[in-house]
Amino acid sequence: MAFPDRSQGESIMNEFIKNMTEKAKKNPKRVAFPEAMNVDILRTAEQVTAAGIGFPVLMGKPEAIESLAGEHQISTAGFDYFDYTEEENRLKLAEEYTAGHEDFSAKAVARKSKDPVRCALFLLKLHKVDCVAAGKEYSTGDVIFETMGIVGLQEGVESVSSLGIADIPGFDGPQGQMLGLADCAITAQPDAKDLAGIAISSADTVKNLLGWEPRVAMLSFSTCGSAEHESLEVVREAVKLVREYRPDVKVDGEFQLDSAIIPAVAAKKVKWESEVAGKANVLIFPNLHAGNIGVKLIQIFGHANAYGPVLQGFAQPVCDFSRSAPVDEMLGNVAMLVIRAAAQEEQHGRL
């Protein structure tokens, strides 16, 4: 994954995590942790409880989990458990699942639930937990694959993506020094539908997570037809699709980077009235090459701090930890996950 670079800005990183934690405390949620026999996961779950941002649900045998926690002086106060190793629990879960869903047979649910990540995702789909936090031992590919197969994608989204939050010294945009950047870690060569889904997911993520009014710029090497190439049609078609799928999202392009974020440049280059040009707060890269290079340029030369990435596009909230992530970083990831889960619950309540 492309984010974060912890070599600089540690105090700013901690301030961001603190802000996310304070926001998450307002509406704590049930968080399933499938990798419950990992010590760092147990420490993170302990911190989630201590910070008051969530209610950990550990997947596995309670006695084994508590024994491991005891060996490392980790408090399990406030933990709940789902023992997926017990056949009786899996059969009951399968019965409940198939009573409301037809995508898997009871036999398939019982069999798949022998895996803790899959079992946690079935609990998520049944709303017995509000979100799932995994990836310390499972690969990003595994987390995405299993979530795609059980939870699926949100409406209007064709592929999973990631969004990073960049804090860029000296930049002065609608959100001060901050910008949303996508996709920088998952989808290598998105087509128009993929790109539209990335834009929609990113708009929802920054609104739910940070409270921004999203203004989404679709980036390219051309502004408003200043160049012609077949690859530009993907970007242009993506803009049309976002407007078709989600007319509530402010999106525009194709824009070069300066046209997207610098008002004076937008005034010269953009040929139409735009709510986005020159004042974008979410930038959508045309492919993973551009996204990965762009992120590293602002980190190395612009001394930017980058938070995330947030895994997005699923029908329900799931996060993916970096395998090397320390506990404080994972706590920040869970805080962001809880905020998104609370926002989704609120939105569904209004429907």
Side-chain angles (χ1 to χ4, degrees), residues 152-165 173-175 179-184 186-263 265-288 290-291 294 310 312-315 340 343-344 347-348 350-351:
L153 296 171
Q154 72 182 90
E155 188 176 353
V157 173
E158 293 282 329
S159 62
V160 183
S161 61
S162 68
L163 178 127
I165 311 297
Q175 265 61 55
L179 278 173
L181 308 173
D183 174 15
C184 306
I186 306 292
T187 306
Q189 195 65 50
D191 61 19
K193 288 184 177 180
D194 292 328
L195 209 55
I198 292 168
I200 290 168
S201 298
S202 300
D204 289 343
T205 297
V206 299
K207 183 175 183 178
N208 293 339
L209 185 61
L210 302 168
W212 296 358
E213 179 186 13
R215 283 183 290 277
V216 183
M218 310 295 279
L219 299 184
S220 77
F221 62 86
S222 167
T223 295
C224 306
S226 63
E228 288 299 333
H229 187 268
E230 60 184 19
S231 64
L232 293 170
E233 292 306 315
V234 174
V235 181
R236 293 165 185 165
E237 180 63 20
V239 174
K240 293 177 185 177
L241 290 173
V242 175
R243 290 171 175 167
E244 177 185 334
Y245 295 155
R246 287 285 299 277
D248 59 304
V249 173
K250 293 178 180 177
V251 63
D252 210 348
E254 80 277 5
F255 292 150
Q256 293 162 295
L257 176 62
D258 53 358
S259 299
I261 61 174
I262 302 175
V265 175
K268 292 180 180 178
K269 289 188 175 183
V270 178
K271 301 175 182 177
W272 52 75
E273 287 293 320
S274 173
E275 294 183 287
V276 176
K279 45 186 178 287
N281 53 14
V282 179
L283 306 179
I284 307 299
F285 293 102
N287 56 46
L288 195 55
V310 176
Q312 61 181 14
F314 296 124
R340 293 165 64 207
Q344 187 176 81
Q347 289 162 5
H348 287 172
R350 291 198 299 261
L351 295 178

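- No donor-acceptor pair under 3.5 Å is formed between the side chain of R236 and the backbone N or O of E254.
- Note that CD of Q344 is 12.5 Å distant from CZ of F314, once rounded to the nearest 0.5 Å.
- Annotation for A238 and L195: closest pair CB-CB, 3.8 Å, computed over non-hydrogen atoms.
- Between D183 atom CG and L288 atom CG the span is 6.0 Å, to the nearest 0.5 Å.
- Inter-residue side-chain proximity for D204 and R246 is flagged as met; some heavy-atom pair is nearer than 4.5 Å.
- When side chains are defined from C-beta on, L153 does not count as touching E158, because their heavy atoms never get closer than 4.5 Å.
- The two residues A199 and I284 have their closest heavy-atom pair at CA-CD1, 3.9 Å.
- Two residues are said to be in side-chain contact when any heavy atoms from C-beta on lie closer than 4.5 Å; D252 and R243 meet this criterion.
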Working for side chain to side chain contact (heavy atoms under 4.5 Å, CB included), residues Y245 and V157: CA-CA 9 Å; Y245 295 155; V157 173; over 6 Å; no

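- Between Q175 and V206 the shortest side-chain heavy-atom distance does not fall below 4.5 Å.
- N281 places a side-chain N or O within 3.5 Å of a backbone atom of E213 that can act as its donor or acceptor partner.
- Closest heavy-atom contact between I198 and P190: CD1-CB, 4.2 Å.
- The CD1 atom of I262 sits 11.0 Å away from the CD atom of Q256 when rounded to the nearest 0.5 Å.
- Here the CG-CD1 distance, from L181 to I165, works out to 7.5 Å after rounding to the nearest 0.5 Å.
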Residues F255, S222; criterion side chain to side chain contact (heavy atoms under 4.5 Å, CB included); working and verdict: CA-CA 6 Å; F255 292 150; S222 167; over 6 Å; no

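- Scanning both residues, N287 and A188, for their nearest heavy atoms gives CB-O, 3.3 Å.
- Nearest heavy-atom pair across V251 and V242 is CG1-CG1, 3.6 Å.
- Annotation: K269, atom NZ; neighbour count of heavy atoms from other residues, nucleotides and ligands within 6.0 Å is above 12.
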Derivation of the side chain to side chain contact (heavy atoms under 4.5 Å, CB included) call for V265 and T223: CA-CA 11 Å; V265 175; T223 295; over 6 Å; no

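- Here the side chains of K279 and P263 are not in contact, with every heavy-atom distance at 4.5 Å or above.
- Within the model, atoms OG of S159 and CG of D191 stand 7.5 Å from one another, a figure rounded to the nearest 0.5 Å.
- In this model, no donor atom of one side chain and acceptor atom of the other lie less than 3.5 Å apart for D194 and T187.
- Contact detail for V216 and V276: the closest heavy-atom pair is O-CG1, 3.5 Å.
- Shown here is K207, whose NZ atom has no more than 12 heavy atoms of other residues, nucleotides or ligands within 6.0 Å.
- Side-chain contact check for P174 versus W212: every heavy-atom pair is 4.5 Å or farther apart.
- Counting non-hydrogen atoms of other residues, nucleotides and ligands closer than 6.0 Å to CD of E233 gives a total above 12.
- For the atom pair CG (L219) and CG (D258), the distance works out to 10.0 Å, reported to the nearest 0.5 Å.
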